[in-house]
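A quick write-up on the structure given underneath.
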Amino acid sequence: MALNHSDGVPSTAKILISGGFGVGKTTLVGAISEIRPLRTEEPMSDRSVGIDDTRRVGAKTTTTVAMDFGRISFPSGLVLYLFGTPGQERFWFMWDELSIGAIGAVVLADTQRVADCFASIDYFEHHGMPFIVAVNCFDGAPRFDPDDIRIALSLGPGVPIVMCDARDRDSVKHVLVSLVRYVMSGSRRPDRMSLG
Amino acid sequence: MTRHDGPEDRWFDRDAGPVVRPYALTMGRTLPSGGESFDLIDVVVATSGRMPEHFRPGPEHRRLLSLCRRPTPIVDLTSEIDLPLGVVRVLLGDLISEGLVGVLATQKQPATDQRLLRMVLDGLESL
């Protein structure tokens, strides 16, 4: 049955928060939104074979992922969801699930472990998902020039790089605003948006 | 996640999983009967349809139906009912097949939807 959007029906949107394990994804989401739990127990489908290493699990045909997500409700009726992408390789099949219908992604980077976010960048580039890089600047962490980070991550000139403190609400707000402005600027070709 | 502390994995308490395996609630089905695919942020809402006589809803069907009296995104339903997403999808598929629930699909290419993007931007900037 098809329904139409009308009064009382929320508009929904989602943004992905990606990056290496322990880089501060959950901290970032928690700084700006209400955190809620989500359980998924997904059958391992064809798309996960070859990504998940199924040899060690024998006949097991489902895999359980416990994750959190962030939710921000706005007075306009919009609800914005922030989903952290699971870091472990065996959950990569979840990325497609999370990516479809997303506005874009924030790749959170830690300058001391830059290589940890390569997988995220590769994924979003491959799927034509617009993303920005947010560099989480911890207290006392060495500061880097964005140009050096761009080179270290082999990022194209158009991808925005913003400095942030994942614990700070205003800083996280700036990150999300930067992503949405970047997506609105339409500097990507829409024909690369399909995940199919 | 799972701890490996010996040749055999030892699972205690919650690690051992629920007493009733989640897909027992769906009688082993892992995909919705109508072949629907629901996005996490699709909004579902109960219709005013009457319960068909042949339909035998389980307690989880009834809880879902009650939760979606107000239009609710699937991800919130799933979080609220504390069942795995795959299970919720199957149960929702049953309710849709019986005409008890409708789905509002969300924009699949939101990055090109300027109206939605403007809503998100305005919302974030007002925080």
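Fair warning: this is a prediction, and the values are worked out from it, not measured in the lab. Every chain is numbered from 1 and lettered A, B, ... according to where its sequence line falls, protein lines coming before strand lines. Atom set for the values below is all heavy atoms of this structure, side chains included, hydrogens, waters and symmetry mates excluded.
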Practice task
Heavy-atom distances under 4.5 Å only: say whether K173(A) touches chain B with side chain, backbone, both or neither.
Solution key: side chain
Problem - Min side-chain heavy-atom separation F69(A)-V29(A) under 4.5 Å - result: no
Handout entry: Heavy-atom check, side chain of E98(B) versus side chain of D94(B), under 4.5 Å
Key = no
Problem - Close side-chain approach of I74(B) and L92(B), heavy atoms under 4.5 Å - result: yes
Problem - S18(A) and C117(A), any side-chain heavy atoms less than 4.5 Å apart - result: no
Fill in the blank from the handout: Bottom line for V75(B): the part with an atom under 4.5 Å from chain A's heavy atoms is both
Problem - R71(A) and E80(B) ion-paired at < 4.0 Å - result: no
Problem - Which atoms of L78(A) approach chain B - backbone, side chain, both or neither, heavy atom under 4.5 Å - result: both
Problem - Beyond-backbone contact of N136(A) with D110(A), side-chain heavy atoms, under 4.5 angstrom - result: no
Exercise for the section: Pull out the residues in residues 116-127 of chain B that come under 4.5 Å of chain A, heavy atom to heavy atom, sorted by number. Expected result: L116(B), L117(B), R118(B), M119(B), V120(B), L121(B), G123(B), L124(B), E125(B), L127(B)
Handout entry: Minimum side-chain heavy-atom gap S120(A)-W95(A) below 4.5 Å
Key = yes
Completion exercise
Ranking L40(B), D76(B), T72(B) by heavy-atom pairs under 4.5 Å to chain A gives rank one to D76(B)
Exercise for the section: Could you tell me whether a side-chain N or O of R150(A) sits under 3.5 Å from a main-chain N or O of G156(A), the two making a donor and an acceptor? Expected result: yes
Practice task
Would you confirm whether S79(B), through its side chain, and P37(A), through its main-chain N or O, come within 3.5 Å as a donor-acceptor pair?
Solution key: yes
Exercise for the section: Would you indicate whether the side-chain heavy atoms of M67(A) and L98(A) approach each other to under 4.5 Å? Expected result: yes
Handout entry: chain A neighbours within residues 56-64 of chain B, where any heavy atom lies under 4.5 Å away
Key = none
Fill in the blank from the handout: Honestly, the part of I72(A) sitting under 4.5 Å from a heavy atom of chain B is side chain
Exercise for the section: Kindly say whether G19(A) contributes a backbone atom to a donor-acceptor pair with the side chain of K25(A) at under 3.5 angstrom? Expected result: yes
Problem - Polar side-chain atom of H126(A) near backbone of D122(A) as donor-acceptor pair, under 3.5 Å - result: no
